[in-house]
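Below: the structure, in structure tokens.
All ligand and atom numbering here is 1-based and tracks the order in the structure. Along the sequence shown, residues are numbered consecutively beginning with 1. This one's a predicted model, so the numbers in the text were calculated from it and none came from an experiment.
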Amino acid sequence: MVDVNAAPNESPTTFPCWRALADLRDAGRPTLRDLFASDPDRGDRLGTVCADLWIDRSRQHLDEAVLDALTHLAEQRDVVGFLRRTADGEVVNGSEKRPASHQALRLGRDAAPSDIVATRDRMATLATAIRAGEEKGATGSTITALVQLGIGGSHLGPALAVDALAPFAHPDIEIRFSSSVDADDLAEALDGLDPASTLVIACSKSFTTIETLTALDGALAWLAGGLGDAAINHVLAVTAAPERAKALGVDVNRIYEIPVAVGGRFSLGSAVGLPVMVAIGPEAFDEMLDGMRVVDNLSATEPPDENAAIQLALIDVWNRCHLGRSSLAVVPYAHRLRLFAPWLQQLSMESLGKGTCENESDPETPTGPTVWGATGTDAQHAFFQLIHQGTDVIPVDLIGVVRPTVDDARSSKGAEVLMTNLAAQADALAFGRTADEVRADGVDEDLVAHRTFPGNRPSTAILLSELTPSTLGQLIALYENRTVAMAAVLGINPFDQWGVELGKKMALDLANESAPESALLRRASALRDS
Ligand code: F6P
């Protein structure tokens, strides 16, 4: 019997607490200036600790009444129960009738299923050999480079982690990624590498994704240029469809399986993370998994009012569904988190971009927001103008790393400046600058309107003490659980992605000429021939 409706079947909009939230919104909310004026300690009061992360919700439009109603909503929806059932491996992915098993990947040896431990051990054996310079290629050369081919969940998580944890990486091993079907992407990834000392990982859960299979063709041709018939011996496959990899000639000993019930965007802890393990080593990879597990446990056990992932999800529901904020900007003040926004875009929008509820009704409320972002301070000099003075109110997540990974004076100074900028932006967004304050600065009257900042623009600050494998794992798991928690409130399935499947199928049909002729393709071919 499939139990997909972990949360009640009705729309959340029928709940009294949902109506209470609508009434609170309609009554008009105090401004952030007013909220801080009447409660100067709210910065501490609305701070939440989640493992090694500190979350400051004080610059959101939350007061006691809103917080109570939101927390009640999470209770009525049994969001903790949904997160627990996800962790326990129950069937929570209704449309695909299976569990969402990503949290099992993060369990320790004693608790993880034996197939997961076995794959992790095989990954560790390979990673250790490569790191020790003991892994040899077909011609006897030492393997010093790894190129992972994959897209979406088979790319974004490992690319984020390899980049974020570069200071922990083996100095002599080159890790590269290629995700696009565009040949320029693969050419860039292979540039300067020697086929004799390079392994290519074809990473595709389905092993049918056209982008990855096309890139694999290109990579095999490149390998064959140096290795001839032995090219296939330099290909590893990471997949939930091992028979497809075998059919392409990949040796069974070079296939690393991922469980079919692990969604691509949640798959970093699986063999999809092999390049991360090679880069930072099996022990540090375990530390990343441990960090994820700590947050998984907190998310599945703490009551909603103390549960960081659920509180963040409730803020998302409040901003999106009640205050009509259609997008969320995410701005990490850390160069090493520059790939966080692309990773989060897939996680959030593939999970929450749904127009059908679990019970097959249309949602009576907006679902996921558009997610976008870039690192601060670059973002300040690109799109913050719109966030400060544009006509849309855009909630922002400001992510800060307090201590630099490298402990020297220059890095410490840089980290300090970044934190100062983060704090300044949070306050500028929240409190703005009134016309009177601008005038008091002696600004010419004809410029007063231009230099007035409306303020009252919400942000959440998330601080990491430092960026390590463990805290990165915590941050990733926090956003995963937050995403799943929002879906549980709204009654949508965060684990399927039918919207993307249609485009994939149509592209294949067009390529195989089994679809009606496309005017766009006709035009493209005319342009090509002109
Ligand atoms: O983008 C759609 C999607 O199905 C994602 O969910 C997935 O991460 C990506 O394609 C890649 O799929 P695969 O790992 O099967 O190649």
Side-chain angles (χ1 to χ4, degrees), residues 92-96 98-102 105 119 147-162 177-182 185-186 189 200-220 235-248 250 255-276 339-355 368 370-371 476 479-480 483-484 487 492-509 511:
V92 287
N93 176 351
S95 72
E96 296 177 307
R98 60 190 184 205
S101 307
H102 53 284
L105 300 164
T119 303
V147 179
Q148 175 139 315
L149 314 175
I151 195 164
S154 296
H155 166 236
L156 295 163
L160 162 66
V162 166
F177 294 89
S178 174
S179 63
S180 166
V181 72
D182 190 326
D185 187 22
L186 180 64
V200 169
I201 307 177
C203 181
S204 173
K205 181 181 162 188
S206 60
F207 233 75
T208 58
T209 304
I210 189 93
E211 289 88 341
T212 306
L213 296 183
T214 308
L216 178 57
D217 266 354
L220 271 168
V235 175
L236 313 176
V238 170
T239 184
E243 69 293 347
R244 294 203 183 111
K246 265 186 253 164
L248 287 183
V250 182
I255 299 177
Y256 295 80
E257 263 193 77
I258 48 181
V260 78
V262 171
R265 56 192 174 275
F266 296 93
S267 66
L268 176 61
S270 73
V272 169
L274 181 57
V276 185
L339 298 181
F340 192 76
W343 167 80
L344 181 61
Q345 285 186 313
Q346 189 205 11
L347 173 72
S348 176
M349 294 199 277
E350 223 169 70
S351 303
L352 298 171
K354 306 291 164 64
T370 307
V371 176
I476 286 175
Y479 273 84
E480 286 180 353
T483 302
V484 173
I492 56 177
N493 181 351
F495 301 118
D496 61 9
Q497 60 284 320
W498 298 105
V500 207
E501 309 298 346
L502 175 64
K504 273 181 155 179
K505 180 180 176 312
M506 284 173 72
L508 274 177
D509 290 350

Tell me which one of E350, K504, E501, H155 gets a heavy atom nearest to atom 5 (C) of ligand 1. E350

Among T209, V500, V272, closest by heavy atom to atom 16 (O) of ligand 1 is T209

Only residue of V371, T483, N493, V484 satisfying side chain to side chain contact (heavy atoms under 4.5 Å, CB included) with L352 is T483

When rounded to the nearest 0.5 Å, the distance separating CD of Q346 from CZ of F266 is 9.0 Å

Please list the nearest protein heavy atom to atom 9 (C) of ligand 1 with its residue and the distance rounded to 0.1 Å. I151 O, 3.6 Å

Closest non-hydrogen protein atom to atom 15 (O) of ligand 1, residue and atom name please, with distance? S206 OG, 2.6 Å

Should you measure from each heavy atom of Q497, which atoms of ligand 1 turn up under 4.0 Å away? 6 (O)

As an exercise, identify every atom of ligand 1 less than 4.0 angstrom from a heavy atom of S154. 14 (O)

Output yes when the distance from some N or O of ligand 1 to some N or O of G153 is under 3.5 Å, and no in every other case. yes

Is a side-chain donor-acceptor pair under 3.5 Å present for D496 with N93? no

Are a donor atom and an acceptor atom from the side chains of S351 and R265 found within less than 3.5 Å of each other? yes

Can you find a pair of side-chain heavy atoms, one from I255 and one from L236, that are under 4.5 Å apart? no

Would you call E211 and S180 a side-chain contact if the rule is heavy atoms closer than 4.5 Å? no

